[in-house]
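Since this is a predicted model, take the numbers as computed values, not measurements. Lettering follows sequence order; numbering is per chain, from 1.
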Amino acid sequence: MKEFASDKKSRVPAFLSFVVIALFYLAVFIAEQHLPATSMLFTVLKKGATYALVAVSMNLLNGFTGIFSLGQAGFMLIGAYTYAIFTIPLEQRESVYQYFQGGAVHFTVPVPVALIFAGLAAAFFAFLIGLPVLRLKSDYLAIATLGFAEIIRAIFQWNQLGPITNGSNMLRMFPNFNDFNIRNASGEVTVYLSTTIPFIIAGVCIALIVLLIHSGYGRAFKAIRDDEIAAEAMGINLAHHKQLAFSISSFFAGVGGAMLAMYQTTVQAKSFTSAMTYEILLIVVIGGVGSVTGSVFSSFLFVACSEWWLRFLDEKQMIGTFEVPLLRNGFRLVIFSLIIMIVVLFFRRGIMGTKELPDLFRRKTKEGIK
Amino acid sequence: MENNILRIEHLTMQFGGVVAVNDLSMEINRGEIVALIGPNGAGKTTAFNCVTGVYEPTNGQILFCGRQIARSSPSGKMRKIYAGNDASAFVGDSVRLSPDHVTKLGIARTFQNIRLFSGMTVFDNVLTAKHLRRKSNFLTSTLHLNYAEEKRMREETRELLKAVHLLDVADEMATSLPYGKQRLLEIARALATKPTLLLLDEPAAGMNPQETEELSAFIRHIKDEFQLTIFIIEHHMNLVMDISDRIYVIDFGRLIASGVPDEIQNNPAVIEAYLGGGDE
């Protein structure tokens, strides 16, 4: 009797992927202990992990359920604010909420709980928005969710909500990534965890999304993406499943927003613009719509290019006595746009297409046998 | 046990000024293969769509195993432009079930133009159709706590693919299959929802005579093996005459004949509808 992959999938590629990911985490941890904490590498890794989570959550909607939503920045904003509001230490509230007499919230919750709150708040709003909006299709849905994100941004800056959101002033002093470092009694850092912990948070969330995609619900989502009419005829309740995908995606966007708050150390509603959603959409498209690995990979690539590797293009560079022409403030963005165009031209379906990390090993092992 | 599986009563479906199905009444009994035939544009697929909940009928009611699955009467703007019969016969509580609900009750269908899940393998196409009989929710499913259920669903899928002779292509992408096999896969996917009534919308479309012959044997086979009642729309007369217990013929939305295959073959109204009438 011949064995089929659907009967017994070879576990080797999955195991290899797991090893690669574990080694990567280990490398991050070790690098963090030995390299200076101010290195640009860690900035990129922290922001990259944050964006990876948000990009994967967006991919769950756009790539796996076929719902074209552009509300990601709005849900990140809700997550970021929820996290900040519940974690600013009580003794700092007077100075943070200086125009609102210390604000209306007079308790704090531990960071992990606040992260879950951030997700739940975003998911709750997604549920409410989803009720009317998910009846729309493709472009119309995109515009409606984009509009929602803009409205949320305006509402959070509304002065009347000041005691909670601090109006248009920024929220700060809440625990950030650096507070994850373990310090001894005299305040010196003994174990650096400010990059490792965000990696673990993002890793756990992405793992949950991957598990969801590989469950029966994930298959139902893909069925809706491939053919709504057929999916419905096979007994898949469209409204229920779309609502579910939208809320779950927003949950993780909310957690991502909270991570972004920690990364930035401050939160201000006006920074969660639609440009942020486009950045994430760009990451998803470059990585491959329908590939979790692609989204993660291109997040780091995107952040590294925009924050680090191309920085030199913004400054005057001398080669010997020759001053390189064109290099001035803003030139980085020109090159960056060019690179994106080239990537899109040569990888029409993104860097990974719909492949995942284990698929890479699978192809290699097959070739090895031949 | 209720012998009557499907009963359509005075079904009328009007789109704007066009009456696609006009006062159609028919019934299907347990274990029968019933065909609905008629020239192009006669309203066959529209009738199917009313049964499966895709359309809300303008007037009439549909009962499945004695349970109302659709009931409505002309309302709103339609009340003024309604061109069918019995406008007041079904006034009162209207019933409208969504397609997924109808499928859950036990009516599965295939499509005239194949609608497989293109991004999935053959195996996953069938497995996905098992989702509606799940007992797990999204949390237990995500955390893979429904291991036993998942294993059972995979086993059943394998059985089903074996029954339709598609097990050897289980890992291929659904859309990479040849046309005839895609049709079989669509039937297998419909069977995965565990239906009592199977609706086949032109299953032989685009098949050559030999494939058509195999298909009629196949339809008989699955009817017995899965204890189905089958309601089929088809243009291939050989297939229809071969497998049907009874046939309904519609033209311009109206029922023009019904009976066993021999009666239909010699019915002048049917011949006229198919060959063109003399009054034009």
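- The pair B/E150-A/R219 counts as a salt bridge, with a side-chain nitrogen and a carboxylate oxygen less than 4.0 angstrom apart.
- In the displayed structure, A/Y140 atom OH is contacted under 6.0 Å by at most 12 heavy atoms of other residues, nucleotides or ligands.
- Taken to the nearest 0.5 Å, the OG atom of A/S215 stands 9.5 Å off from the CG atom of B/L143.
- For chain B, the nearby part of A/I248 is the side chain; its heavy atoms alone come within less than 4.5 Å.
- Contact annotation: the side chain of A/K222 never approaches that of B/T128 to less than 4.5 Å [non-hydrogen atoms, C-beta and beyond].
- For B/D100 (side chain) and A/E232 (main-chain N/O), no donor-acceptor pair under 3.5 Å exists by modelled atom type.
- Here A/N237 contributes atom CG and B/H101 contributes atom NE2; the two are 10.0 Å apart, rounded to the nearest 0.5 Å.
- Side-chain atoms of A/R225 and B/F117, non-hydrogen and from C-beta on, never get closer than 4.5 Å to each other.
- When heavy atoms are compared at a cutoff of 4.5 Å, B/T193 approaches chain A solely by way of its side chain, counted from C-beta outward.
- Heavy-atom distances place both the backbone and the side chain of B/F138 under 4.5 Å from chain A.
- Interface residue B/A129: backbone and side-chain heavy atoms are both found under 4.5 Å from chain A.
- Ranked by heavy-atom pairs shorter than 4.5 Å toward chain B, the options A/L212, A/I213, A/L208 are led by A/L212.
- Between B/H131 and A/I236, the closest side-chain pair of non-hydrogen atoms falls below 4.5 Å.
- Only the side chain of B/R134 comes within less than 4.5 Å of a heavy atom of chain A; its backbone N, CA, C and O stay farther away.
- Residue contact with chain A, scored on non-hydrogen atoms closer than 4.5 Å, involves the backbone and the side chain of B/R189 alike.
- Residues A/L211 and B/H144 have side chains in contact (heavy-atom distance under 4.5 Å, counting atoms from C-beta outward).
- Your options are A/A239, A/A230, A/G218, A/A220, and the one with the most heavy-atom pairs under 4.5 Å with chain B is A/A230.
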